[in-house]
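These numbers come from a predicted model, not from an experiment.
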Amino acid sequence: MLDNIRRYLGTGLSALKPATDVPRPGERAVARHVAIIMDGNGRWATERNLPRVAGHRAGVETIRHVIKACPELGIEVLTLYAFSTENWKRPKDEVDALMWLLVEYCRQEVAELDRAGVRIQHLGRLEGLPALQRSELERAMQQTRSNNRLILNLALNYGARAEIVDAFQSLLTRVQKGELAPEAVDEQAITRHLYTGGLPDPDLIIRTAGELRLSNFLLWQAAYSEFWATPVYWPDFRREHLEQALEDFGRRERKFGAVPGTAAAK
């Protein structure tokens, strides 16, 4: 599974350095990697007496707005929590509709995303997706693999605990084959074997619809991420909300466990 992910990483990620730099005094923090838990599609639709799938479809329009805004706002990596490993428990009709929306998105949006320099990557267990959806996603990743204006991570069939399990299984396999010494399994090694290996950790995690939990999203990577929540449902989220989140992020002091003003915090 990890090999499937690395197969599409290609080139261009080397320019993205780990997000551990703390701004100097007087400088604003810059969110290079923003991750979003897109919540509230169903409630948006229900309040309008529409089927839940109408909310998901409206949410796709929001994705277009946010992707367009990201490079203009200095965001280099955008990770969208689109479908979790737990979402398979939803009603079959809703799951089927979400899977078809993925196909539509890949077929209708990829050419434009490619022209805009957006690189699509997948986070999650690719082999767990239906054959058609997997094929369309693989095609989208292949078509955009050389782009570097914005990296778009689509977390589909994604769960953070599953991600950590997959990373450890990959590491254990390498240890058993003699490719890696047991003592070499440290934080850096684990990080490299996550789905996001080679990417900076998210600086900012946004959740819409007023919820205040991570919901099994980027648990390892979010160790020092800033969190920003809004009551706005995802279909109503627009550039101005993203700007509000970035403005709030810029006022925060990121210490990474150190005392402000010390060498360790700089």
Side-chain angles (χ1 to χ4, degrees), residues 8-24 27-39 59-82 105 109-110 112-124 140-141 144-156 158 191 194-209 214 217-218 220-230 232 234-254 256:
Y8 293 102
L9 286 179
T11 60
L13 292 182
S14 58
L16 292 173
K17 301 175 183 177
T20 55
D21 292 335
V22 179
R24 296 184 180 90
E27 291 183 341
R28 280 189 177 274
V30 177
R32 298 168 58 231
H33 182 176
V34 173
I36 305 179
I37 303 172
M38 306 177 292
D39 203 0
V60 172
E61 183 63 27
T62 296
I63 292 174
R64 295 189 184 102
H65 289 291
V66 171
I67 290 175
K68 183 178 185 298
C70 280
E72 299 168 3
L73 296 173
I75 297 169
E76 301 171 22
V77 183
L78 174 66
T79 299
L80 300 178
Y81 200 10
Y105 185 80
E109 304 292 330
V110 169
E112 178 60 31
L113 292 173
D114 190 24
R115 286 192 292 270
V118 177
R119 178 178 180 174
I120 299 172
Q121 295 188 168
H122 172 252
L123 306 185
M141 290 190 287
T144 63
R145 65 181 301 172
S146 299
N147 297 335
N148 56 20
R149 186 165 184 248
L150 174 70
I151 293 176
L152 172 62
N153 294 320
L154 296 177
L156 289 152
Y158 173 88
T191 297
L194 295 172
Y195 302 149
T196 53
L199 294 175
D201 289 340
D203 301 293
L204 175 64
I205 296 177
I206 297 171
R207 182 158 190 162
T208 58
L214 283 174
F217 182 53
L218 301 178
W220 179 279
Q221 299 91 329
Y224 281 101
S225 301
E226 298 292 325
F227 192 77
W228 191 85
T230 175
V232 175
W234 178 246
D236 292 326
F237 190 90
R238 289 295 182 268
R239 179 185 176 121
E240 57 263 32
H241 302 111
L242 180 58
E243 290 176 345
Q244 288 171 16
L246 295 174
E247 180 70 20
D248 184 69
F249 174 84
R251 291 192 294 266
R252 300 185 189 183
E253 184 175 20
R254 304 187 74 196
F256 296 95

First locate atom CD1 of I206, then atom CD of Q244, and finally report the distance between them rounded to the nearest 0.5 Å.
10.0 Å

Any side-chain to backbone donor/acceptor pair from N147 onto V118? Under 3.5 Å, distance only.
yes

Quick one: list whatever passes salt bridge (Lys or Arg N to Asp or Glu O under 4.0 Å) with R64, sequence neighbours left out.
E61, E109

Could you list the residues that satisfy side-chain hydrogen bond (donor to acceptor under 3.5 Å, both in side chains) with R149, not counting sequence neighbours?
none

When rounded to the nearest 0.5 Å, the distance separating CG of L123 from CG of L80 is 10.0 Å

Look at the rings of Y81 and F217 and say which category their plane angle falls in: under 30° parallel, 30 to 60° tilted, over 60° perpendicular.
parallel

Could you walk me through whether W234 and D39 pass side chain to side chain contact (heavy atoms under 4.5 Å, CB included), step by step?
CA-CA 6 Å; W234 178 246; D39 203 0; 5.9 Å; no

Just verifying a value: how many Å separate L218 CG and Y158 OH, rounded to the nearest 0.5 Å?
4.0 Å

Kindly give the heavy-atom pair with the smallest separation between L156 and H122, and that separation in Å.
O-NE2, 2.8 Å

Of the non-hydrogen atoms in L204 and A31, which two are nearest, and what is the gap between them?
CB-CB, 4.3 Å

Passes side chain to side chain contact (heavy atoms under 4.5 Å, CB included), Y195 versus Q121? Steps please.
CA-CA 10 Å; Y195 302 149; Q121 295 188 168; over 6 Å; no

Donor-acceptor contact below 3.5 Å, side chain R239 vs main chain K68:
no

Can you find a pair of side-chain heavy atoms, one from H65 and one from F237, that are under 4.5 Å apart?
no

Mind checking what makes ring-ring contact (aromatic ring centres under 6.0 Å, His included) contact with F227, not counting sequence neighbours?
none

Write down the atom of A82, the atom of M38, and the distance for their closest heavy-atom approach.
CA-CE, 3.7 Å

Looking at T208, is its backbone amide N or carbonyl O close enough to the side chain of T230 to form a donor-acceptor pair, meaning the two atoms are under 3.5 Å apart?
no

Any side-chain heavy atom of M141 sitting closer than 4.5 Å to one from R145?
no

Applying side-chain hydrogen bond (donor to acceptor under 3.5 Å, both in side chains), can you list everything that pairs with T62, at least two apart in sequence or on another chain?
R238

Hits for side-chain hydrogen bond (donor to acceptor under 3.5 Å, both in side chains) against T191, two or more places apart or cross-chain, chain-then-number order -> W220

When every non-hydrogen atom of L78 is compared with those of I36, the smallest separation belongs to CD1-CD1, 3.9 Å

For residues A35 and P202, report the shortest heavy-atom separation together with the two atoms involved.
CB-CB, 4.1 Å

Gap between atom CG of N153 and atom NE2 of H33 - 0.5 Å precision
5.5 Å

Set of side-chain hydrogen bond (donor to acceptor under 3.5 Å, both in side chains) partners for T144, sequence neighbours left out:
none

Atom SG of C70 and atom CD1 of I151: how far apart are they, to the nearest 0.5 Å?
12.0 Å

Enter the distance from L113:CG to L150:CG here, rounded to the nearest 0.5 Å.
9.0 Å

Shortest non-hydrogen pair, Y105 vs V60, comes out as CD1-CG1, 3.8 Å

What's the verdict on side chain to side chain contact (heavy atoms under 4.5 Å, CB included) for L73 and V34, showing C-alpha distance, side-chain angles and the deciding distance?
CA-CA 11 Å; L73 296 173; V34 173; over 6 Å; no

